[in-house]
Every structure is written in C-alpha cells, then in structure tokens.
Amino acid sequence: MRKNDVYLIHGTDYLEMTKRLLFEAGLSDMIGDRGASVGIKPNLVAASAPSQGATTHGELVAGTIVYLREQGFSRITVMEGSWVGADTAHSLKAAGYEPILKEYQVPFVDLQKDGFREYDASGMRIKVCDSALAVDFMINVPVLKGHCQTTVTCALKNNKGVIPNSEKRRFHTLGLHKPIAHLNTVVKNDFILVDNICGDLDFEEGGNPVPMDRILGFADPVLCDAFVCEAMGFAVSEVPYIGMAEALGVGSSDLAGAKLHVLNAPVSATSSERPARRVEKLARYVQADDACSACYGSLIHALNRLDEAGRLEKRLLKHPVAIGQGWQKKPGEIGIGRCTGGCRHSLKGCPPKAGEILSFLETYWGKA
Ligand code: SF4
C-alpha cells in the first residue's frame with residue numbers, strides 16, 4: 001500500500017469487511033517480519049457503546065486480530081487510555097471488548113496506568129506512554145466523527161489516547177491543535193483503519209450517530225483526516241491541526257493525488273432503530289426511499305453544516321431532498337446521488353461526498 005492509497009469498503013458484516021480491507025491493502029506486507037510486535041489502538045474515549053457514535057466497534061479489532069493471526073502474526077496487543085475523567089476499564093466494558101479479548105486471548109494495556117517518557121516532538125516536549133512506542137507496528141483504529149472543539153476527529157487526534165492523563169490536560173490548555181500536530185511526529189501511525197460505521201455528528205462522546213456502514217484504510221494519517229473533512233462537509237483549513245501536522249512532515253493532505261480503492265458498492269440502510277433526535281431533525285429535509293447508508297449519512301452531514309451556519313429554514317421543507325434507490329427513474333424537484341437522475345436538479349455521484357452535497361444545496365437553496 002502506498003501513502004496516497006485510500007481503501008473503502010461498505011457493508012454491515014464489520015468483522016469480514018475488516019479482514020477483506022486489510023487483505024486488499026496488503027497489511028501483512030507492510031508489517032513484514034512475522035515476529036514483529038503489533039499494537040492495535042482503538043478509540044475508547046469514554047464508557048459508551050459503539051452504536052452511540054463515540055467508540056470503535058469491537059468487530060474492527062476482532063477482524064484485525066483474526067487477519068493478523070491468519071497471516072502468521074502472534075505478538076498482538078490492544079491498547080488505549082480513555083479521556084480524563086473516564087476509567088479505561090469501564091470504557092472497555094461498555095464497548096463490549098472484554099469477550100473479544102478473552103476469545104482471542106489478546107492482552108490489553110490500559111495506557112492510563114502505563115509508564116511514560118518525554119520526547120522532543122519536533123520542537124515541543126511531549127510525554128508518550130511506553131507501550132505505544134514499544135511496538136514495531138501500530139494500527140490506529142479511530143472513529144470518524146465530529147468534535148465540538150476541533151470540528152472533526154479521526155487519526156491524528158485519536159493518538160491523544162497514547163499520552164498520560166497529565167499530558168491530556170496540558171494539551172487542552174495549549175488549545176489542542178498545536179500539540180496534536182506535534183504529537184504525531186513521534187507516535188506511530190503505520191496503518192489507519194477507520195470506523196466510519198456510525199460516527200457522531202458533532203460530539204466526541206457520541207449521542208447523535210450517523211449510520212454510514214463504511215470502513216476505510218489509510219497509510220497516511222494526514223490524508224486520512226483530510227478525507228474525513230471532505231466526508232463531513234468541512235474544508236481542511238477549518239481543522240488547523242491537519243495543516244500543522246502536514247507542515248511538520250507527518251503526511252500529505254493532497255486529496256487530489258489520492259488513489260481511491262472502493263472494494264464494493266454502498267449498501268441500503270438497514271437499521272430499525274429510531275435515529276438520534278438531532279439526526280431526525282435534519283431528516284425532515286429529506287425524502288429517502290431505499291437510500292444507502294453512505295449516501296444518506298453524507299447528506300445528513302451536509303445538512304448539519306447548513307444548520308450550523310443558520311441556513312436551514314422551514315421554507316426549504318417545501319422541496320425535501322430526494323435520495324435513494326427507490327427514486328430511480330422517478331421525477332422530482334431536487335435529489336442527491338445518481339439514483340435521483342430523474343429530478344429537475346440532481347447531484348451525480350454514488351455516493352456523492354458531503355462537501356459536494358453542501359455546495360450543490362447551497363447553490364440550489366440560494367436561489368430558492
Ligand atoms: S446514488 Fe443510489 S446507489 Fe449510489 S449510494 Fe446513493 S442511494 Fe446508493
């Protein structure tokens with residue numbers, strides 16, 4: 001896998017999707033030596049079930065362990081340190097990891113209790129937990145989601161889990177962006193497996209999950225976070241730590257130069273659960289008929305951007321946005337995705353990105 005490759009898989013069998021993505025990305029070749037020690041670092045920020053949009057689904061960790069074992073790797077450790085105020089053991093339990101670790105007999109390191117040392121992170125002194133730097137290869141498994149302070153959070157910010165609590169507190173006093181960028185010059189980001197199953201709309205601790213049923217793979221954390229901005233309808237410049245990390249040589253945010261490997265087609269949304277209140281409010285502007293999760297989720301993110309900017313008004317409910325396979329060959333006023341080609345105004349793409357949807361809706365509703 002090259003630095004500019006992006007792997008993307010859709011579906012609802014998250015364990016099998018993980019195995020397939022890692023296989024297609026050639027992860028075993030990236031690690032190389034079968035005797036290498038491999039770390040898996042999910043996001044267990046707080047005691048919250050993954051369905052709430054804050055924490056990494058256990059199936060991604062389980063699928064990674066199964067893949068690694070099948071490829072001949074046996075020195076595997078899962079590690080994480082929850083945020084200040086949350087106990088990692090509680091987070092582990094709430095996210096359903098205990099049976100997974102027991103079934104696969106993989107050790108877990110609570111980084112809140114780990115030793116640490118201070119490093120020169122490109123001109124900034126930063127303390128990092130020993131176990132996170134002791135492994136030969138680190139698989140970062142963040143959740144693609146919104147964040148109330150940094151706008152988005154994914155690969156780069158997930159590494160805040162590998163520093164001691166005292167350092168997490170200090171990061172907040174420093175405004176997060178600069179220390180996050182510098183931290184990523186010393187921590188390991190060898191592979192990034194992104195949980196884009198149902199990350200939260202705008203809060204790190206979850207509560208408003210947006211189902212998208214996708215898993216993504218990257219070799220570059222900066223490219224990963226730039227991609228996340230696009231997927232949520234933000235400009236990369238709106239998240240300062242991405243540009244700062246790029247300037248420090250952590251990676252490249254060049255999305256135009258990225259090579260996308262889409263391993264399968266999007267799947268229809270299947271959840272029977274009532275959507276979170278905030279998502280439900282945005283869904284009033286949508287006429288969905290058999291919409292794929294990735295398409296629908298992108299539209300919800302775009303609508304959220306408009307809502308935050310105060311540009312979602314009741315009068316726009318006159319023409320809710322059509323989306324979904326049930327719209328194929330049907331007439332309508334405005335639609336998102338190639339399935340709505342019969343609408344008077346339709347945005348191509350399968351699925352289109354949130355940023356594209358945002359521009360399209362702004363143009364259309366700007367004239368309305
Ligand atoms: S355009 Fe149609 S087929 Fe493609 S992702 Fe959207 S709903 Fe699914």
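All values below come from the heavy atoms of this structure, side chains included, with hydrogens, waters and symmetry mates left out. The model shown is predicted, which means the values in this text are computed figures rather than measured ones.
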Could you list the donor-acceptor pairs under 3.5 angstrom formed between side-chain atoms of residues 282-290 and any protein atom two or more places apart in sequence or on another chain?
residue : atom : partner : partner atom : Å
Arg284  : NE   : Lys281  : O            : 3.3
Gln287  : NE2  : Pro320  : O            : 3.1
Asp289  : OD2  : Lys330  : NZ           : 3.4
Asp290  : OD1  : Ser268  : OG           : 3.1

Partners meeting salt bridge (charged side-chain N to carboxylate O under 4.0 Å, His left out) with [X] (sequence neighbours left out):
X	result
Lys259	none
Lys127	Glu118
Glu98	none

Partners of [X] by side-chain contact (heavy atoms from CB on, under 4.5 Å), sequence neighbours excluded?
X	answer
Glu333	His319, Arg344, His345, Tyr364
Arg20	Ile9, Glu24, Leu263
Asp254	Ser252, Ala256
Glu103	none

When you check the gap from the basic side-chain N to the acidic O, do Asp195 and Arg214 get nearer than 4.0 Å?
no

Between side-chain atoms of residues 172-182 and protein atoms elsewhere (two or more places apart, or another chain), which donor-acceptor pairs fall under 3.5 Å?
residue : atom : partner : partner atom : Å
His172  : NE2  : Lys160  : NZ           : 3.4
Thr173  : OG1  : Arg170  : O            : 2.6
His177  : ND1  : Tyr241  : N            : 3.1
His182  : ND1  : Ala121  : O            : 2.7
His182  : ND1  : Ser122  : O            : 3.1

Atom CZ of Arg277 with >12 non-hydrogen neighbours under 6.0 angstrom
no

Can you list the other members of the hydrophobic cluster that holds Val45, where links are side-chain heavy atoms under 4.5 angstrom apart?
Trp83

Note: with side-chain heavy atoms under 4.5 Å as the link, the other cluster members for Phe116 come out as none

Listed pairs under 3.5 Å, donor-acceptor, residues 46-55 side chains, sequence neighbours left out:
residue : atom : partner : partner atom : Å
Thr55   : OG1  : Ser48   : O            : 2.8

